[in-house]
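Okay, so here's the structure we're looking at.
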Amino acid sequence: MATPSLFLSLLLLQFSFNFDLARSDPDPLQDFCVADPKASTSSFFNGIPCINPNLANVDHFKTSALSLPGNTKGNRFGFSVTLTTPQNLPGINTLGITLARIDLEPKGLVPLHSHPRASEVTICLIGQMVVGFVDTSNRVFTKKIGPGESFVFPKGLIHFMYNEDLKKSAVAVSGLNSQNPGAQLLALAAFTSKPEIPQEVLSKSFQISECEISRIRKSLGG
């Protein structure tokens, strides 16, 4: 039988492990680390090498990358996501944040997806959109938001954004607490992966026939 001290030690160990899994990007060790994407090095970094801090200037901390609408015609879903990156905003390097502009054409959809390394908070700027996520007990939390209203998507959970308006576009900006949040679209991951997921796995997972799998793959470009 475990002693109280041993039980407490195991509890603290479990807490530390869970906290490590839940935390965002590591804290920076200096004021800033302006990215130097062109740096030549034989070493590998968990991020991007930095320029000499003495060479940093105010333009490294400013970007207009989110000022222009994205191309919502570039995919079959009618959405565009424009991100801040160390390439277009070098001063963001190592700060553990990303901004994203989301453009939705009428009836446009950011389909079911997840960010494995970040939570996300979205603020609607123009139009209205239906947003929501599914938790691990399969409960759906969904809401229609308009200009000035915000909605948060917990880390790693499947979520979506949908503009149900037939005529008007919608625009939102999101903040994510990772420099590299990652994005995995559920449908594309399942049906357009390379190499392909075995048909029997998809058939049993989604309770559909092999003919339906082939149709979905063709529709999604897989």
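Note that the structure is a prediction, hence the values are computed from the model and not measured.
In this structure, the side chain of His60 does not engage the main chain of Val58 through any donor-acceptor pair within 3.5 Å. With hydrogens and angles ignored, the 3.5 Å screen pairs a side-chain donor or acceptor of Asn75 with a backbone N or O of Gly78. Checking side-chain atoms of Ser205 against main-chain N and O of Val201 turns up a donor-acceptor pair under 3.5 Å. In this structure, the side chain of Ser209 engages the main chain of Glu212 through a donor-acceptor pair within 3.5 Å. A distance-only check finds a donor-acceptor pair linking the side chain of Ser67 to the backbone of Ser64 [under 3.5 Å]. Formation of a donor-acceptor pair under 3.5 Å by the Ser114 side chain with backbone atoms of Pro116 is not found in this model. Between the Asn88 side chain and the Thr63 main chain, no donor and acceptor come within less than 3.5 Å of each other. The closest donor-acceptor contact from the side chain of Asn177 to the backbone of Ser119 lies under 3.5 Å. Formation of a donor-acceptor pair under 3.5 Å by the Thr82 side chain with backbone atoms of Gly70 is not found in this model.
Shortest non-hydrogen contact noted between Val34 and Gly91 is CG2-CA, 4.3 Å. Val134 and Asn138 get closest at one heavy-atom pair: CG1-CA, 3.7 Å. For Ala56 against Phe32, the heavy-atom pair with the smallest separation is CB-CE1, 3.6 Å. Taking both residues in full, the closest heavy atoms of Gln199 and Ser214 are given as NE2-OG, 3.7 Å, listed atom of the first, atom of the second, then distance. Here the closest heavy-atom approach between residue Leu220 and residue Ala187 is recorded as CD1-O, 3.8 Å. Between Ala189 and Ile197, the shortest heavy-atom distance links the atoms O-CD1, 3.8 Å.
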- Task: Would you check, one step at a time, whether the test side chain to side chain contact (heavy atoms under 4.5 Å, CB included) holds for Ser174 with Met161?
- Result: CA-CA 11 Å; Ser174 286; Met161 304 175 192; 3.9 Å; yes
Requested in this report: Show your reasoning for whether side chain to side chain contact (heavy atoms under 4.5 Å, CB included) applies to Ile145 and Met129.
Outcome: CA-CA 6 Å; Ile145 61 174; Met129 56 182 64; 3.8 Å; yes
Exercise for review: Dump the intermediate steps for side chain to side chain contact (heavy atoms under 4.5 Å, CB included) on Thr142 and Val131, then the final yes or no.
Suggested key: CA-CA 6 Å; Thr142 184; Val131 297; 6.0 Å; no
Q.
Pair His113, Val110 - check side chain to side chain contact (heavy atoms under 4.5 Å, CB included), show working.
A. CA-CA 8 Å; His113 67 285; Val110 182; 3.4 Å; yes
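In this structure, His159 has its ring center no closer than 6.0 Å to that of Phe133. Within the 6.0 Å centre-distance limit, the rings of Phe206 and Phe191 are counted as a close aromatic pair. The distance between the ring centers of Phe151 and Phe141 does not fall below 6.0 angstrom.
Here the CD atom belonging to Gln179 is positioned 4.5 Å from the CG atom belonging to Asn93, to the nearest 0.5 angstrom. Distance check: Leu68 CG to Arg101 CZ gives 7.0 Å after rounding to the nearest 0.5 Å. Atom CG of residue Leu185 and atom CZ of residue Phe160 lie 13.5 Å apart, to the nearest 0.5 angstrom. In this structure, the separation between CG on Asn71 and CG on Asp103 is 9.5 Å, given to the nearest 0.5 Å. Atom CG in Asn163 sits 7.0 Å away from atom OG in Ser169 (nearest 0.5 Å).
Under the 4.5 Å side-chain criterion, counting only non-hydrogen atoms from C-beta, Leu176 is not in contact with Arg117. Looking only at side-chain heavy atoms (C-beta outward), Leu125 and Val173 come within less than 4.5 Å of each other. No side-chain heavy atom of His115 sits less than 4.5 Å from a side-chain heavy atom of Ser178. Between Ser203 and Ile213, the closest side-chain pair of non-hydrogen atoms falls below 4.5 Å. The side-chain heavy atoms of Leu99 and Leu89, taken from C-beta on, include no pair separated by under 4.5 Å. Side-chain contact between Asp135 and Leu157 is present, with at least one heavy-atom pair separated by less than 4.5 Å. At least one side-chain heavy atom of Ile97 sits under 4.5 Å from a side-chain heavy atom of Ile92. No side-chain heavy atom of Pro69 sits less than 4.5 Å from a side-chain heavy atom of Ser80.
Hydrophobic cluster membership differs between Leu95 and Leu83, with clusters built from Ile, Leu, Val, Met, Phe, Trp and Tyr side chains linked at under 4.5 angstrom. Transitive grouping of hydrophobic side chains (ILVMFWY, heavy atoms separated by less than 4.5 Å) keeps Leu104 and Val121 in distinct clusters. Cluster annotation: Ile158 is not connected to Leu188 through the hydrophobic network of ILVMFWY side chains, with a link wherever side-chain heavy atoms come within less than 4.5 Å. Linking Ile, Leu, Val, Met, Phe, Trp and Tyr residues whenever their side-chain heavy atoms come within less than 4.5 Å leaves Val130 and Phe153 in two separate clusters. A single hydrophobic cluster is not seen to contain both Ile48 and Ile51; linkage of ILVMFWY side chains at heavy-atom distances under 4.5 Å, directly or through other members, places them apart.
Between Glu120 and Lys155 there is no salt bridge, since no side-chain N of the basic residue sits under 4.0 Å from a carboxylate O of the acidic one. A salt bridge links Glu164 with Lys144: the closest approach of a Lys/Arg side-chain nitrogen to an acidic carboxylate oxygen falls below 4.0 angstrom. Classification of Lys73 and Glu105 as a salt-bridged pair holds, one side-chain N sitting under 4.0 Å from a carboxylate O.
Other residues, nucleotides and ligands contribute over 12 non-hydrogen atoms within 6.0 Å of the NZ atom of Lys107.
A tilted orientation is assigned to the rings of Phe79 and Phe77, their planes being inclined by 30° to 60°.
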